[in-house]
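Written below as structure tokens is the structure these notes are about.
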Number of protein chains: 2
Amino acid sequence: MPVKALKSTRSDNRVTAVLDAAARLFAVKGYSATTMRDIAEACDMLPGSLYYHFAAKEDLLVAVYEAGVRQLVDNMRAAIREESDPWARLEAGCAAHLETLLRQSDYAQVLVRVLPADVGHAAARLKALRAEYERSFRDLVGALLLPPGTDRGVLRLMLLGALNWSRFWFAEGGRDTPRSLARKFVHLLRETQHA
Amino acid sequence: MPVKALKSTRSDNRVTAVLDAAARLFAVKGYSATTMRDIAEACDMLPGSLYYHFAAKEDLLVAVYEAGVRQLVDNMRAAIREESDPWARLEAGCAAHLETLLRQSDYAQVLVRVLPADVGHAAARLKALRAEYERSFRDLVGALLLPPGTDRGVLRLMLLGALNWSRFWFAEGGRDTPRSLARKFVHLLRETQHA
DNA sequence: CATAAACAAACAAACGCTCGTTTGTTTATA
DNA sequence: TATAAACAAACGAGCGTTTGTTTGTTTATG
């Protein structure tokens with residue numbers, strides 16, 4: 001997923017390579033445990049060369065975070081556009097979230113793996129990026145027909161927690177796919193409506 | 001929560017102080033970002049002194065993990081013992097989990113914050129400790145009366161994900177308590193039975 | 001009952017290494 | 001030939017850990 005659009009110098013490829021390597025390592029090892037030397041080695045550069053593109057390690061994380069949010073938002077918007085029924089839209093959104101998180105994107109995994117508090121300085125920026133994405137879910141849950149008294153905030157956070165935590169146990173090639181998982185999650189909540 | 005029982009030399013207090021400090025710092029900053037010097041300072045020791053009690057930083061993490069699992073298991077067992085209805089037992093178990101995680105214990109938070117993969121060598125031991133705890137939930141979910149075809153494994157993982165993720169957004173003093181949250185989580189799933 | 005040996009538990013200081021980052025220089029591209 | 005993008009080498013700080021020593025507190029002994 002290329003990041004940029006206008007003119008395409010060769011350097012864009014290298015920047016993307018750096019970001020890809022950083023995203024992968026941040027997702028697997030976490031932020032603190034990943035060194036600039038790790039990242040440099042993963043994209044065949046010397047450590048110092050990274051600083052031509054990014055002023056600091058924190059800036060690299062922010063860039064990865066931003067790309068992750070963009071991917072999640074884009075994939076989810078595209079998915080829910082196909083559906084009109086509120087429950088179907090929620091399920092489609094969850095499926096897109098899981099597809100992105102579990103199969104496609106190291107970037108999205110960084111959102112789940114690395115906490116804003118891990119970076120002293122840019123924490124606020126990271127929190128804002130997360131909040132931006134979670135707003136999409138607020139809308140989806142807001143559109144549901146639910147028994148009066150249902151706490152939609154808790155429903156949203158419960159679902160988001162289940163989705164994000166799945167990163168830590170989901171096994172590619174197991175009995176479930178991201179789609180089937182989303183279906184099950186939403187069904188477990190949906191029956192509420194019929195009570 | 002004191003750990004020891006038999007004879008009480010003064011050193012037990014210091015070991016506990018070290019563990020408490022480590023648990024707090026691991027919970028807040030994560031494993032890699034926490035230094036032995038941080039821990040030493042937090043319990044008024046010099047860095048080298050820690051090595052009289054623990055051979056390596058990893059061993060400290062394992063000890064904290066073990067204490068965390070013990071607390072979660074103990075609190076949960078005590079809570080579900082009071083109930084007999086399967087759904088009430090599940091709710092009580094969730095409430096105990098949340099009470100421990102959100103209010104009582106830095107140790108329990110480490111289980112959620114630090115991944116087994118963060119420690120190269122002791123990863124297997126940490127995974128086993130986590131699994132030991134999650135087994136309790138398997139039993140609780142197994143006892144539920146559910147519509148045929150319900151995937152109990154996914155139900156369990158969904159609930160566990162919601163519970164654990166709550167650590168990242170729960171605000172002490174907000175509208176919800178750990179108990180009320182557990183009630184809402186379980187209720188959102190429970191209505192399934194009535195469908 | 002005094003005292004010395006033994007030990008637990010800490011200090012003080014440093015080890016070698018790796019961290020994020022900087023600086024000056026070289027190499028390709030346009 | 002100007003500039004973007006990399007290299008090469010090093011900086012100081014901080015890392016986990018080790019080592020040798022000191023300090024109190026038990027425990028055994030004359």
Side-chain angles (χ1 to χ4, degrees), chain A residues 2-4 6-23 25-26 28-65 110 114 117-123 126, chain B residues 3-4 6-23 25-26 28-65 110 114 118-123 126:
Chain A
V3 172
K4 148 176 204 185
L6 281 174
K7 70 177 165 182
S8 134
T9 74
R10 176 174 56 276
S11 98
D12 292 335
N13 305 327
R14 299 302 292 160
V15 171
T16 309
V18 172
L19 284 173
D20 285 349
L25 286 162
F26 289 160
V28 172
K29 308 176 50 169
Y31 178 72
S32 293
T34 300
T35 72
M36 294 298 272
R37 285 169 176 83
D38 289 338
I39 299 170
E41 190 183 14
C43 55
D44 290 313
M45 286 190 190
L46 296 188
S49 306
L50 298 173
Y51 288 83
Y52 179 80
H53 303 285
F54 297 93
K57 190 187 177 188
E58 278 196 12
D59 296 332
L60 244 174
L61 178 61
V62 170
V64 168
Y65 239 76
V110 175
V114 179
D118 286 356
V119 282
H121 187 264
L126 264 47
Chain B
V3 172
K4 55 81 187 273
L6 281 176
K7 71 175 165 186
S8 136
T9 75
R10 176 170 54 277
S11 99
D12 291 338
N13 305 325
R14 301 300 290 159
V15 171
T16 310
V18 171
L19 285 173
D20 284 349
L25 286 162
F26 288 160
V28 171
K29 307 176 54 170
Y31 177 72
S32 293
T34 299
T35 72
M36 293 299 270
R37 285 167 176 82
D38 290 338
I39 299 170
E41 191 183 16
C43 55
D44 289 314
M45 284 189 191
L46 295 188
S49 307
L50 298 174
Y51 288 83
Y52 178 78
H53 304 285
F54 298 92
K57 190 187 178 189
E58 279 196 10
D59 296 332
L60 244 174
L61 178 62
V62 171
V64 168
Y65 240 76
V110 175
V114 179
D118 286 355
V119 282
H121 186 266
L126 264 47

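Note: hydrogens, waters and symmetry copies are ignored here, and every other heavy atom, side chains too, is used. Throughout, protein chains are lettered first and strands after them, A, B, ... in sequence-line order, and every chain is numbered starting at 1. These figures come from a predicted structure and were not determined experimentally.
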Using atom types as modelled and distance alone, determine if a side-chain donor or acceptor of A/Asp20 lies under 3.5 Å from a backbone N or O of A/Ala17.
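The answer is no, because no donor-acceptor pair under 3.5 Å joins these two groups.
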
Do side-chain atoms of B/Tyr65 reach the backbone of B/Val114 as a donor and acceptor pair under 3.5 angstrom?
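Pair found, side chain donor or acceptor close to backbone of B/Val114.
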
Look at B/Arg14 and C/dA9 and indicate whether a side-chain polar atom (N or O) is within less than 4.0 Å of OP1 or OP2.
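No.
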
Is the shortest side-chain N/O distance from A/His53 to OP1 or OP2 of D/dA6 below 4.0 Å?
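True: A/His53 side-chain N/O within range (under 4.0 Å) of D/dA6 OP1/OP2.
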
Please report the distance, rounded to the nearest Å, between [atom1] in [X] and [atom2] in [N].
X	N	atom1	atom2	result
A/Met45	C/dT21	CE	P	16 Å
B/Glu41	C/dC11	CD	C1'	16 Å
A/Asp59	C/dG20	CG	C1'	13 Å

Polar contact flag, side-chain donor to acceptor under 3.5 angstrom, B/Thr16-B/Asn13
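The criterion, which ignores hydrogens and geometry beyond distance, is not satisfied for B/Asn13 and B/Thr16.
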
Dump the intermediate steps for side-chain contact (heavy atoms from CB on, under 4.5 Å) on A/Leu61 and A/Val110, then the final yes or no.
CA-CA 9 Å; A/Leu61 178 61; A/Val110 175; 3.8 Å; yes

By nearest atom, which of the nucleotides D/dA5, D/dC7, C/dA9 is closest to the B/Tyr52 side chain?
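Selected nucleotide: C/dA9.
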
Per-nucleotide protein contact along nucleotides 8-20 of chain D, 5' to 3', at a 4.0 Å heavy-atom cut-off (B base, S sugar-phosphate only, - neither), is B-B----BBBB--

side-chain hydrogen bond (donor to acceptor under 3.5 Å, both in side chains) against A/Ser49, all qualifying residues, sequence neighbours excluded
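A/Ser49 satisfies side-chain hydrogen bond (donor to acceptor under 3.5 Å, both in side chains) with no other residue.
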
Inter- and intrachain pairs under salt bridge (charged side-chain N to carboxylate O under 4.0 Å, His left out), touching residues 48-60 of chain A, at least two apart:
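For residues 48-60 of chain A: none.
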
